[in-house]
Amino acid sequence: MDISNAPTSAPGAPPQDADGAAQGARTRADLLHMLAFIESLTTELDTGLSLGATNPFLNMAAHLMRQHLEGKPVTPSSLAAAAGVPYATAVRRVNDMIAAGLIDQRPKTRTGKSFSLHPSARLIDDWTQMSDRVRRLGERSFGGTSDRDTRDYYFGGSYMAGHSIQPPRVLHDPLTLPGGLRILVHGDPTFMVMDNLKRQFEQLIGCKISQRAFSIDRLHDEALRNAERRTSLYDIIAVDLPWIGEFAEKGVLLPLDEVLDTDRLDPGDFHPAGWNATHWRGRPYGVPSQTTPELLFYRRDLFAEAGMEPPTTTDAVLSAAREFHDPTAGRYGIAWNAARGTALGHQFMMIMAAFGQPVLDLPAIAGGFDTRHLHEGGHRPMLDSPGALQAAEYLMELMKYSPPDILSMSWYERVRPYAAGKTAMAYGYTLLVPYFEADPNSPAAATTGYLPHPAGPGGAAVAPVGGYAMGIPANLPPDRRADAAEALIAFTAPEAQKLYVQNGSRTWPRYSVGADPELRRLSQLFDAVDQMSWRDELQFWPRPPVPQIGRLIQICGHELHDMLRGITTPEQALRAAQAACENLMKSDE
């Protein structure tokens, strides 16, 4: 795996609650824990008396669930052996479970003469509910139920748990991709979680998975190089949302409605900003795999001690940064993306949005700006606008209260000092939250508040949507497309998305995942982002996905870096950026 300029490891440790009890991965961890208890109890009941009768259905159901959760295959003979009864009797009981819809059979070969066995959705649901009832019975009889759990159970918790997303189920028909499934991704925490779960997903889809990971700029270049090849090296590629227009126009991606029924994706379950960002000319070119808005992280404990309200305006951010900035004590006001090029270009466009100014002359509509006609072209850059100047001057003010190495800070570097307690605030994507939430030693672990970008004068609070979609290369051979589409559906399904969150990710593109009661207990972030979505603050227009967006970002990131270094004034930097961006847009028309 090539992870250039990516973190060396993804955070995977579960966060801690105030009592120090580990949270996260509740469904899988709890099911495995209850499996061990039920298996032990069953063995004791079967052998504790001289007379006893083995329950083959229970034994086989437990074996199926354990192997499924551990990503291991089950054959008819191994399942029969787990029944604890004579082989002929076990075979009959296996057939009874198949007839009852408790076992799914998946062909292992093209002839279909041999099968692997897997728990059906019904069995997974039945077992989960039974495990919860057994746990409740034990707590009721022997103690151990906390007051919080009791309140949850009697006042809605048990009902909500019934709406929890269940573990992923295997595909009925395994994928038949020679050489296995090949994926190109970004080297961020969510995709690294996917790699850590590779064995389990191989079990789910029925074939090997090979994953390559690159930094954001190298990922963009590799996707374009791959499009020039006669045959794609990858079945699925990750696409930064602003690239959708470029990749659609250049024929890098296949329109998804050519290879699958998009209704199978349940489009209404996706946050609208993430789902709409994957479309170009009205057609979908990817499925959101990460919807990760950039937010303002702030230390609730520090603000409370100082008697300050959460900063909801840019002026309030500057006041707070000034209050907490104390370089002699090794503490600074705020961290953000100020590294030259891509990082600063992204940051500037998002800051412009908070001042009510998109980078292009998009028409204003209720709640933001209209991006439906981006494919028609003819847009003018707006770097010579008053809003752009206000945003540039705001960045200059932030410089006064930033760490000394701010000019080299990019995606991960800006969150590290915040996680270490060296800054009171940071602009950052939600995908970076595990760097402090999953670290019990971080001062920010349980004390972080989450806000959309505070509004500048004339602007409104906005949470610019970032993240990645997963798409199918246009030059993928036709005989691999159907299987690639099935894998795409499986990787972006609610069940898979929940698994990513349980194992360390903090991105979720679906409402159903954010509403899962087990996940909402992991972090205040779920409720915060949910509220932003309902307030229509999640927006993708701050980085409109026109084909030129990557180069527009680079121009802004270079010219404004000279401004931050004091080489040019804000007015000079914006004039230079405006001229360069106008030339770029005209040359592409």
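- Taking a cutoff of 4.0 Å between a charged side-chain nitrogen and a carboxylate oxygen, Glu397 and Lys400 qualify as a salt bridge.
- A heavy-atom distance below 4.5 Å is not found between the side chains of Val185 and Phe214.
- Because its NZ or CZ atom is not both nearer than 6.0 Å to the ring centre of Phe436 and within 45° of the ring axis, Arg416 does not count as a cation-pi partner of that residue.
- Ser408 places none of its side-chain heavy atoms less than 4.5 Å from the side chain of Glu413.
- Interatomic distance, Thr371 OG1 to Leu360 CG, rounded to the nearest 0.5 Å: 11.0 Å.
- With sequence neighbours excluded, the residues that form a side-chain contact (heavy atoms from CB on, under 4.5 Å) with Glu246 are His220, Leu224, Lys250, Pro547.
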Stepwise, does the ring-ring contact (aromatic ring centres under 6.0 Å, His included) test hold for Tyr500 with Trp508? CA-CA 9 Å; Tyr500 306 149; Trp508 63 98; over 10 Å; no

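- Contact between Leu302 and Ala424 at its shortest, heavy atoms only, is CD1-CB, 4.0 Å.
- Remark: Pro272 pairs with Asn276, Tyr511 by the side-chain contact (heavy atoms from CB on, under 4.5 Å) rule, at least two apart or across chains.
- The heavy-atom pair separating Pro284 from Thr262 by the smallest distance is CG-CG2, 3.8 Å.
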Test side-chain contact (heavy atoms from CB on, under 4.5 Å) on Leu295 and Val433 and set out the steps. CA-CA 10 Å; Leu295 308 178; Val433 166; over 6 Å; no

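- Between Phe297 and Tyr429 the shortest heavy-atom distance is CZ-O, 3.4 Å.
- No donor-acceptor pair under 3.5 Å is formed between the side chain of Asp235 and the backbone N or O of Leu181.
- The pair Arg264-Glu486 meets the salt-bridge criterion, with a side-chain N (NZ, NE, NH1 or NH2) lying under 4.0 Å from an Asp/Glu carboxylate O.
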For residues 572-585, dump all side-chain donor-acceptor pairs below 3.5 Å to protein atoms at least two apart in sequence or in another chain.
residue : atom : partner : partner atom : Å
Gln572  : OE1  : Thr569  : N            : 3.0
Gln572  : OE1  : Thr569  : OG1          : 3.4
Gln578  : OE1  : Leu383  : N            : 2.8
Gln578  : OE1  : Asp384  : N            : 3.3
Gln578  : NE2  : Pro381  : O            : 3.0
Gln578  : NE2  : Glu582  : OE2          : 2.7
Asn583  : ND2  : Ala579  : O            : 3.3

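- In this structure, Arg372 places its CZ atom where only 12 or fewer heavy-atom neighbours from other residues, nucleotides or ligands lie under 6.0 Å away.
- Counting non-hydrogen atoms of neighbouring residues, nucleotides and ligands closer than 6.0 angstrom, the CD atom of Glu309 reaches no more than 12 such neighbours.
- Distance alone, capped at 3.5 Å, is enough to place a donor-acceptor pair between the Arg506 side chain and the Val501 backbone.
- The pair Arg225-Glu222 meets the salt-bridge criterion, with a side-chain N (NZ, NE, NH1 or NH2) lying under 4.0 Å from an Asp/Glu carboxylate O.
- Cation-pi contact between Arg182 and Tyr234: absent, since separation from the ring centre below 6.0 Å together with deviation from the ring axis within 45° is not met.
- Applying the side-chain contact (heavy atoms from CB on, under 4.5 Å) criterion to Ala248, with sequence neighbours excluded, gives Trp280, Tyr285.
- Between the side chain of Ser533 and the backbone N or O of Val529, no donor-acceptor pair lies under 3.5 Å.
- In this structure the side chain of Pro310 reaches within 4.5 angstrom of the side chain of Tyr298, judged on heavy atoms.
- Aromatic ring centroids of Tyr427 and Trp336 lie 6.0 Å or more apart.
- Of the possible donor and acceptor atoms, one in the side chain of Arg481 sits under 3.5 Å from a partner among the backbone N and O of Ala474.
- Nearest heavy atom pair, residue Val415 against residue Trp411, reads CG2-O, 4.1 Å.
- Considering only residues two or more places apart in sequence or on other chains, Asp217 meets the salt bridge (Lys or Arg N to Asp or Glu O under 4.0 Å) condition with none of them.
- A heavy-atom distance below 4.5 Å is found between the side chains of Leu488 and Ile236.
- Gln290 places no side-chain N or O within 3.5 Å of a backbone atom of Thr507 that could act as its donor or acceptor partner.
- Take Asp263 and apply the side-chain contact (heavy atoms from CB on, under 4.5 Å) test, not counting sequence neighbours, and it matches Asp261.
- Between the Asp188 side chain and the Phe191 main chain, a donor and an acceptor come within less than 3.5 Å of each other.
- Thr447 contributes a side-chain N or O that, together with a main-chain N or O of Pro443, makes up a donor-acceptor pair within less than 3.5 Å.
- At a threshold of 4.0 Å, the pair Arg331-Asp326 does not count as salt-bridged, since none of the basic side-chain nitrogens sits closer than that to a carboxylate oxygen.
- Lys498 places a side-chain N or O within donor-acceptor distance of the main-chain N or O of Ile165, the cut-off being under 3.5 Å.
- Partners of Glu495 according to the salt bridge (Lys or Arg N to Asp or Glu O under 4.0 Å) rule, which considers only residues two or more places apart in sequence or in another chain, do not exist here.
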Considering only distance and modelled atom types, tabulate donor-acceptor pairs under 3.5 Å from the side chains of residues 450-473, sequence neighbours left out.
residue : atom : partner : partner atom : Å
Tyr450  : OH   : Glu437  : OE2          : 2.8
His453  : NE2  : Glu294  : OE2          : 2.9
Tyr468  : OH   : His186  : ND1          : 3.3

Between Asp266 and Arg510, is a side-chain contact (heavy atoms from CB on, under 4.5 Å) present by the stated rule, with each step listed? CA-CA 10 Å; Asp266 192 9; Arg510 293 179 176 271; 4.0 Å; yes

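- Between Tyr332 and Ser402 the shortest heavy-atom distance is CD2-O, 3.9 Å.
- Between the side chain of Thr292 and the main chain of Thr430, a donor-acceptor pair closer than 3.5 Å is present.
- In terms of modelled atom types and a separation under 3.5 Å, the side chain of Ser442 and the main chain of Asp439 share no donor-acceptor contact.
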The test is side-chain contact (heavy atoms from CB on, under 4.5 Å); show your working for Tyr418 and Tyr435 and say whether it passes. CA-CA 9 Å; Tyr418 179 78; Tyr435 278 101; over 6 Å; no

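- Here Asp527 pairs with Arg520 under the salt bridge (Lys or Arg N to Asp or Glu O under 4.0 Å) rule; sequence neighbours left out.
- Residues His379 and Leu374 are in side-chain contact: their nearest non-hydrogen atoms beyond the backbone lie under 4.5 Å apart.
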Output, in order, the C-alpha distance, side-chain angles, deciding distance and verdict of side-chain contact (heavy atoms from CB on, under 4.5 Å) for Leu431 and Ser505. CA-CA 6 Å; Leu431 69 85; Ser505 170; over 6 Å; no

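- Residues that satisfy the salt bridge (Lys or Arg N to Asp or Glu O under 4.0 Å) test with Asp562, not counting sequence neighbours, are Arg340, Arg565.
- The closest side-chain heavy-atom distance from Ile244 to His279 is not below 4.5 Å.
- For CD of Gln531, the number of neighbouring non-hydrogen atoms (other residues, nucleotides, ligands) closer than 6.0 Å is greater than 12.
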Under 3.5 Å, which donor-acceptor pairs link side chains of residues 313-323 to any protein atom two or more places apart or in another chain?
residue : atom : partner : partner atom : Å
Thr313  : OG1  : Ala316  : N            : 3.1
Ser319  : OG   : Asp315  : O            : 3.1
Arg322  : NE   : Tyr401  : OH           : 3.1

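- Residue Trp275 comes nearest to Gly286 through the heavy atom pair CZ3-O, 4.4 Å, listed as atom of the first residue, atom of the second, then distance.
- Applying the ring pair (Phe, Tyr, Trp, His ring centres under 6.0 Å) test to residues at least two apart or on different chains, the pairs with a partner in residues 539-583 are Phe369-Trp541.
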